[in-house]
Amino acid sequence: MLKNDQISQIVNGKRVIVKKPELLAPAGNLEKLKVAVHYGADAVFIGGQEYGLRSNADNFTLEEMAEGVQFANKYGAKIYVTTNIYAHNENIPGLEEYLQGLEEAGVHGIIVADPLIIETARRVAPKLEVHLSTQQSLANWKAVQFWKEEGLERVVLARETSAEEIREIKEKVDIEIETFIHGAMCIAYSGRCVLSNHMTARDSNRGGCCQSCRWDYDLYKLDGSQEIALFDENDDPFAMSPKDLNLIQSIPKMIELGIDSLKIEGRMKSIHYVATVVSVYRKVIDAYCADPDHFVIQKEWLDELDKCANRDTAPAFFEGVPGYKEQMFGVHSKKTTYDFAGFVLDYDCDTKMVTLQQRNFFKPGDVVEFFGPEIDNFTQVVGTIWDEDGNEIDAARHPLQIVKFKVEKDVFPYNMMRKER
């Protein structure tokens with residue numbers, strides 16, 4: 001273990017973790033950024049309107065980034081910006097000004113794949129930390145050593161890297177390591193795919209991926225110019241997609257390896273997804289670090305993750321090379337049994353009245369569940385609902401409608417309400 005990587009020590013006769021990893025969350029817009037920080041993220045990665053790999057996300061203007069940085073600073077959280085495209089000649093004009101804008105906005109660091117962007121950032125925006133993107137598919141310590149010698153502060157390892165490979169990297173190279181713990185997996189090496197380019201002329205490596213690997217396919221073989229079907233009409237469709245990543249069971253091992261940052265994928269996911277996943281991993285990390293020798297994964301944490309899942313999950317490569325059971329054939333998703341129904345704006349402790357922004361239909365008589373970082377999850381039956389003008393209504397049916405009703409236990413702004421289908 002390297003000099004800066006003491007993981008634990010004995011305090012008052014009990015072993016505690018002294019090197020707690022950063023919990024890094026995704027945010028596709030300013031609302032998601034604030035939710036991620038509020039629910040326990042130590043850092044948030046976002047995309048600007050240029051040079052990132054999620055062109056379909058809302059993404060941030062420089063002004064929104066500055067606002068996000070100010071919000072994060074109040075909580076001691078950091079903001080990283082993805083600038084991880086593989087640049088073409090047409091991407092070079094404006095790069096210097098963009099990187100300088102990120103620095104002026106107060107962004108802590110950038111996540112980069114292209115050496116051009118790395119060199120330019122070093123030259124024109126030296127206050128920005130530079131983290132190497134997973135797009136570089138780093139999976140060996142020699143490559144990590146190369147990028148350390150190039151002056152980078154952190155590398156994001158390929159999703160295909162195993163625990164033993166990470167152990168060797170940590171033993172041989174004194175650099176911050178970031179790894180993915182939850183979210184989508186790519187059928188190609190860390191997103192370096194050209195299926196989307198071939199099928200739709202949308203460049204995966206410049207933010208345009210159409211997720212071709214998740215489509216349904218029928219299998220044929222060519223006999224001359226004739227197509228011969230290799231499937232029956234009743235067969236499940238064939239897909240290339242792996243199951244989503246879920247490493248909740250492996251968090252203790254990752255902490256003991258000294259991994260510096262644990263990353264959740266999903267900048268295009270909902271605020272309900274971000275809040276749920278961040279809050280669960282926050283609880284797991286904190287519980288293990290406080291008492292690692294008596295730590296037990298709680299069933300309620302696993303159940304909580306399922307409330308926002310829309311695809312089957314697997315541990316992927318961290319625990320060994322995945323087999324066919326970690327791939328999805330035919331059935332693409334498992335539909336979550338819960339809908340995100342409301343976002344708490346205010347609560348009056350005297351009247352027990354919550355002010356809530358509707359996010360999905362609900363009505364009197366529905367059983368709903370509230371959750372948030374300040375409260376333990378609880379359920380109750382919705383009673384009479386009033387609109388913001390004080391009129392009684394028979395349902396909260398309009399998107400983003402402001403409504404009020406009584407909630408017996410205290411709730412807080414940014415808490416959420418979900419409803420079982």
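D303 has a carboxylate O that lies under 4.0 Å from a charged side-chain N of K299, or vice versa, which qualifies the two as a salt bridge. Using a 4.0 Å cut-off between a side-chain N of Lys or Arg and a carboxylate O of Asp or Glu, E256 and R167 do not qualify as a salt bridge. Under 4.0 Å is where a charged nitrogen must lie from a carboxylate oxygen, and between K307 and E369 at least one such pair does. At a threshold of 4.0 Å, the pair K34-E64 does not count as salt-bridged, since none of the basic side-chain nitrogens sits closer than that to a carboxylate oxygen. Salt bridge status for E129 with R122: absent, with no side-chain N to carboxylate O gap under 4.0 Å. At a threshold of 4.0 Å, the pair K127-E103 does not count as salt-bridged, since none of the basic side-chain nitrogens sits closer than that to a carboxylate oxygen.
Between E374 and N415, the side chains place a donor N or O and an acceptor N or O closer than 3.5 Å (distance only, hydrogens not considered). Under 3.5 Å, the side chains of R421 and T337 contain no donor-acceptor pair of N or O atoms. In this structure, a donor-acceptor pair under 3.5 Å is absent between the side chains of S133 and Q136. H108 and Y80 form no side-chain donor-acceptor contact under 3.5 Å, judged by distance and modelled atom types alone. Between R311 and S241, the side chains place a donor N or O and an acceptor N or O closer than 3.5 Å (distance only, hydrogens not considered). For the residue pair E304 / N377, a side-chain donor-acceptor distance below 3.5 Å is found, with atom types taken as modelled. One side chain, E319 or S250, offers a donor N or O that lies under 3.5 Å from an acceptor on the other.
I259 has its side chain within reach of I166: a pair of non-hydrogen atoms, C-beta onward, lies under 4.5 Å apart. For the pair L116 and L95, the minimum side-chain heavy-atom distance is below 4.5 Å. A 4.5 Å side-chain heavy-atom check between I285 and L23 finds at least one atom pair inside the cut-off. With a 4.5 Å cut-off on side-chain heavy atoms, V407 and F370 count as touching. Counting only heavy atoms from C-beta outward, the side chains of L247 and H182 never approach each other to under 4.5 Å. The side-chain heavy atoms of R159 and F317, taken from C-beta on, include no pair separated by under 4.5 Å.
Judged by the 6.0 Å and 45° rule, K419 forms no cation-pi pair with F362. Both cation-pi conditions hold for K263 and F45: the charged atom is under 6.0 angstrom from the six-membered ring centre and inside a 45 degree cone around its axis.
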For R282 and Y39: C-alpha separation, side-chain torsions, deciding distance, then whether side chain to side chain contact (heavy atoms under 4.5 Å, CB included) applies. CA-CA 8 Å; R282 178 78 277 156; Y39 276 74; over 6 Å; no
For salt bridge (Lys or Arg N to Asp or Glu O under 4.0 Å), just list the numbers for E178 and R154, CA-CA rounded to whole Å, side-chain angles, deciding distance to a tenth of an Å, and then say yes or no. CA-CA 7 Å; E178 178 178 308; R154 178 185 294 184; 2.8 Å; yes
Taking it one step at a time, do F318 and F180 satisfy ring pair (Phe, Tyr, Trp, His ring centres under 6.0 Å)? CA-CA 10 Å; F318 184 80; F180 283 91; over 10 Å; no
Stepwise, does the side chain to side chain contact (heavy atoms under 4.5 Å, CB included) test hold for N29 with N59? CA-CA 6 Å; N29 57 36; N59 292 323; over 6 Å; no
Given side chain to side chain contact (heavy atoms under 4.5 Å, CB included), test L245 with T313 step by step and report yes or no. CA-CA 5 Å; L245 178 65; T313 62; over 6 Å; no
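The CD1 atom of I187 sits 12.5 Å away from atom CD of Q211, with the distance rounded to the nearest 0.5 Å. Annotation: the span from I110 atom CD1 to I118 atom CD1 amounts to 8.0 Å, rounded to 0.5 Å. To the nearest 0.5 Å, atom CD1 of residue I402 and atom CZ of residue F343 are 10.5 Å apart. The CD atom of Q357 sits 4.5 Å away from atom CG of L400, with the distance rounded to the nearest 0.5 Å. Here the CD1-CD1 distance, from I181 to I264, works out to 5.0 Å after rounding to the nearest 0.5 Å. E300 CD to K283 NZ: the interatomic distance, rounded to the nearest 0.5 Å, is 6.5 Å.
Using the six-membered ring where Trp is involved, Y414 and F71 have ring planes that are tilted, between 30° and 60° apart. Between H272 and F371, the ring-plane angle classifies as perpendicular under the 30° and 60° cut-offs.
For CG of D376, the number of neighbouring non-hydrogen atoms (other residues, nucleotides, ligands) closer than 6.0 Å is 12 at most. For K406, the NZ atom sits in a loose shell: 12 or fewer heavy atoms of surrounding residues, nucleotides or ligands are nearer than 6.0 Å.
The side-chain hydrogen bond (donor to acceptor under 3.5 Å, both in side chains) test with K20 singles out one residue from D260, D42, D286, and that residue is D286. The side-chain contact (heavy atoms from CB on, under 4.5 Å) with Y273 is formed by just one residue from the set I271, T276, V277; it is V277.
Within the 3.5 Å criterion, the main-chain N or O of S8 finds a donor-acceptor partner in the side chain of Q6.
For K14, the side-chain contact (heavy atoms from CB on, under 4.5 Å) partners at least two apart in sequence or on another chain are V16, D291.
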